[in-house]
Chemist: 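Below are the structure tokens for one structure; questions will follow.
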Amino acid sequence: MTKKTFLFYILLLLNSMSVQAAPPFDDGAPMLASRWRDYKKNSYFGLRFGLNIPTIRYKGTGGEARTNPLPRFHVGLIYGNKLGNGLPFFLESGLVYTEKGAEIEATAEYEFKKCNMRYLEIPITLKYKVNTNADDFTVQPFFGGFMAFGVGGTTKLYDSRIKIDPFGSDRYKRFDAGLRIGCGIAYQNFYFEMGYDIGLFNIAGQKYSEYHYDDFDGHIRTGNLTMSLGVDF
């Protein structure tokens, strides 16, 4: 057997192996088996990053605490898995670093300040993927909740020119939780969503007394409008 003949047989063998290893083509599924291209799979990992427009809502301060949104950001990893073989419902969770807070206007007793709170957050949402007439394009409404734990941040007091930790017994509690609702759109592996987080947990510390909060039966809760970009694998 000549060298050219041997190389010819090797090439034939490699070609037959690649043909046998190729996955069968199913309608609606991509030919390639890589996780990046297989955007219609039953589970996925994703990267998310985007803009927060958070607020802090005060009730029980006699209207003294007036706040404005303080734009921040978030970034994180998510994982989604299809629930059964019926309707395209997916359970999605993950771990996200997110920043929240607000600008709090000055009063006769308290100076103007900006509060930035940093959290590690676990979202848990039920997502429904709706196919459209456009190829590879889906609409994905979702509903669920979130749990967050404060890991740091700063409150800037502008008249005093000092920075303090936003968390403490006389400030805000570290734990927060609430509801999440929104809708996403996806084209193949690329994803965009808008959502809103409704904080249901009273984040006022046990000794919180600013703006005469302890004189009223109220609560302090967070809200957060989010816009996210991402990719799924």
Side-chain angles (χ1 to χ4, degrees), residues 48 50-76 78 93-126 142-182 193-228:
R48 298 287 186 267
L51 175 69
N52 293 340
I53 304 179
T55 58
I56 300 177
R57 305 186 304 274
Y58 285 76
K59 181 179 179 181
T61 64
E64 287 192 40
R66 300 178 182 272
T67 65
N68 299 308
L70 181 64
R72 308 305 298 167
F73 74 97
H74 62 269
V75 60
I78 58 95
S93 187
L95 182 63
V96 179
Y97 170 81
T98 186
E99 296 190 357
K100 302 179 183 181
E103 294 181 351
I104 306 175
E105 296 180 6
T107 68
E109 295 181 72
Y110 297 98
E111 60 192 281
F112 173 77
K113 59 187 175 183
K114 288 184 179 180
C115 180
N116 176 29
M117 298 179 287
R118 301 168 187 161
Y119 291 92
L120 286 179
E121 186 171 274
I122 299 175
I124 303 174
T125 57
L126 182 65
F142 59 86
F143 176 80
F146 70 92
M147 295 183 295
F149 185 80
V151 295
T154 56
T155 297
K156 297 180 180 179
L157 306 177
Y158 277 74
D159 291 344
S160 304
R161 297 184 179 274
I162 61 173
K163 298 179 181 179
I164 60 175
D165 192 326
F167 300 110
S169 62
D170 59 342
R171 279 157 277 172
Y172 302 123
K173 296 176 182 176
R174 291 185 180 273
F175 181 77
D176 192 17
L179 299 178
R180 169 167 295 177
I181 188 170
E193 76 174 26
M194 292 187 67
Y196 191 76
D197 294 346
I198 305 170
L200 299 180
F201 196 80
N202 185 2
I203 65 169
Q206 187 176 8
K207 299 179 181 179
Y208 190 93
S209 61
E210 289 186 342
Y211 310 102
H212 306 288
Y213 172 87
D214 54 349
D215 293 336
F216 297 85
D217 181 16
H219 54 251
I220 303 174
R221 293 176 179 168
T222 60
N224 190 24
L225 175 66
T226 63
M227 288 170 277
S228 302

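Atoms considered below: every heavy atom in the structure, side chains included; atoms not considered: hydrogens, waters and symmetry mates.
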Chemist: Please report the closest heavy-atom contact between Tyr213 and Lys59, naming both atoms and the distance.
Modeler: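 Closest heavy-atom pair between Tyr213 and Lys59: CE1-O, 3.9 Å.
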Chemist: Excluding sequence neighbours, so at least two apart, what forms side-chain contact (heavy atoms from CB on, under 4.5 Å) with Glu193?
Modeler: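 Glu193 satisfies side-chain contact (heavy atoms from CB on, under 4.5 Å) with Lys127, Phe142, Tyr191, Ser228 only.
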Chemist: If the condition is side-chain contact (heavy atoms from CB on, under 4.5 Å), which residues does Ser209 pass it with, not counting sequence neighbours?
Modeler: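 For Ser209 the side-chain contact (heavy atoms from CB on, under 4.5 Å) partners, ignoring immediate neighbours, are Asp214.
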Chemist: Restricting to side-chain hydrogen bond (donor to acceptor under 3.5 Å, both in side chains), what partner residues turn up for Thr98, sequence neighbours left out?
Modeler: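 Here the qualifying residues are Asn52.
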Chemist: Tell me, please, which residues at least two apart from Phe149 pass side-chain contact (heavy atoms from CB on, under 4.5 Å).
Modeler: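 So Phe149 forms a side-chain contact (heavy atoms from CB on, under 4.5 Å) with Val151, Arg174.
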Chemist: Which residues pass the side-chain hydrogen bond (donor to acceptor under 3.5 Å, both in side chains) test with Arg180, not counting sequence neighbours?
Modeler: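 By the side-chain hydrogen bond (donor to acceptor under 3.5 Å, both in side chains) rule, Arg180 matches Glu121, Asp197.
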Chemist: Would you give the length of the straight line joining atom CG of Asp176 to atom CG of Asn202, rounded to the nearest 0.5 angstrom?
Modeler: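 One gets 9.5 Å once the value is rounded to the nearest 0.5 Å.
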Chemist: Please give me the minimum heavy-atom distance between Leu225 and Met194, naming the atom from each residue.
Modeler: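 What the structure gives for the nearest pair is CD1-CE, 4.5 Å.
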Chemist: Of all residues at least two apart in sequence or in a different chain, which pass the salt bridge (charged side-chain N to carboxylate O under 4.0 Å, His left out) check with Arg171?
Modeler: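 Checked Arg171 against salt bridge (charged side-chain N to carboxylate O under 4.0 Å, His left out); zero matches.
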Chemist: I'd like to check the ring pair (Phe, Tyr, Trp, His ring centres under 6.0 Å) partners of Tyr97; sequence neighbours left out, ordered by chain and number.
Modeler: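 For Tyr97 the ring pair (Phe, Tyr, Trp, His ring centres under 6.0 Å) partners, ignoring immediate neighbours, are Phe73.
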Chemist: Work out which heavy atom in Pro166 is nearest to a heavy atom in Cys115; give both atom names and the distance.
Modeler: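 Where Pro166 meets Cys115 most closely, the heavy atoms are CB-SG, 3.8 Å.
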Chemist: Atom OG in Ser169, atom CD in Gln206: separation rounded to 0.5 Å?
Modeler: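 Answer for the OG-CD pair, Ser169 versus Gln206, is 7.5 Å.
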Chemist: Write down the atom of Phe143, the atom of Leu179, and the distance for their closest heavy-atom approach.
Modeler: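 Result for this residue pair: CZ-CD2, 4.4 Å.
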Chemist: Find the distance between OH (Tyr196) and OG1 (Thr226) and round it off to the nearest 0.5 Å.
Modeler: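 OG1 of Thr226 is found 10.5 Å from OH of Tyr196.
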Chemist: Answer yes or no: does atom CD1 of Ile122 have more than 12 heavy-atom neighbours from other residues, nucleotides or ligands under 6.0 Å?
Modeler: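 Counting other residues, nucleotides and ligands, CD1 of Ile122 stays at 12 neighbours or fewer.
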Chemist: Run the ring pair (Phe, Tyr, Trp, His ring centres under 6.0 Å) test against Phe201 and tell me which residues pass, sequence neighbours left out.
Modeler: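 Applying ring pair (Phe, Tyr, Trp, His ring centres under 6.0 Å) to Phe201 gives Phe175.
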Chemist: Please output the side-chain donor-acceptor pairs of residues 63-71 that fall under 3.5 Å, not counting sequence neighbours, one pair per line with the distance.
Modeler:
| residue | atom | partner | partner atom | Å |
| --- | --- | --- | --- | --- |
| Thr67 | OG1 | Ile56 | O | 2.9 |
| Asn68 | ND2 | Glu105 | OE2 | 3.2 |

Chemist: Keeping to residues at least two apart or across chains, list the side chain to side chain donor-acceptor pair (under 3.5 Å) pairs with something in residues 153-165.
Modeler: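 Non-adjacent pairs meeting side chain to side chain donor-acceptor pair (under 3.5 Å): Glu111-Ser160.
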Chemist: What distance do Glu99 atom CD and His74 atom NE2 have between them, rounded to the nearest 0.5 Å?
Modeler: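 If I round to the nearest 0.5 Å, the distance is 11.5 Å.
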Chemist: Just wondering, do Ile104 and Glu210 contact through their side chains at under 4.5 Å, heavy atoms?
Modeler: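 A side-chain contact under 4.5 Å is absent here.
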Chemist: Nearest 0.5 Å, what's the OH-CG distance between Tyr110 and Leu157?
Modeler: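 It comes to 12.0 Å.
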Chemist: For Tyr172, check side-chain hydrogen bond (donor to acceptor under 3.5 Å, both in side chains) against everything at least two apart and list the hits.
Modeler: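 side-chain hydrogen bond (donor to acceptor under 3.5 Å, both in side chains) check on Tyr172 returns Tyr58.
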Chemist: With side-chain contact (heavy atoms from CB on, under 4.5 Å) as the test, would you mind laying out the steps for Val96 and Arg48 before giving the verdict?
Modeler: CA-CA 8 Å; Val96 179; Arg48 298 287 186 267; 5.9 Å; no
Chemist: Which pair of non-hydrogen atoms, one from Lys173 and one from Gly205, has the smallest distance, and what is that distance?
Modeler: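 Looks like CG-CA, 4.0 Å.
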Chemist: Could you state the interatomic distance from CD1 (Ile53) to CZ (Arg72), rounded to the nearest 0.5 Å?
Modeler: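 The CZ atom of Arg72 is 12.5 Å from CD1 of Ile53, to the nearest 0.5 Å.
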Chemist: Tell me, do Thr55 and Thr222 make a side-chain contact under 4.5 Å, heavy atoms counted?
Modeler: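 No, too far: nothing below the 4.5 Å cut-off.
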Chemist: Among residues at least two apart in sequence or on other chains, which ones pass side-chain hydrogen bond (donor to acceptor under 3.5 Å, both in side chains) with Glu109?
Modeler: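 side-chain hydrogen bond (donor to acceptor under 3.5 Å, both in side chains) list for Glu109, sorted by chain: His212.
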Chemist: How close do Ile220 and Ala204 get, heavy atom to heavy atom, and via which atoms?
Modeler: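 Closest approach of Ile220 to Ala204, heavy atoms only: CD1-CB, 3.8 Å.
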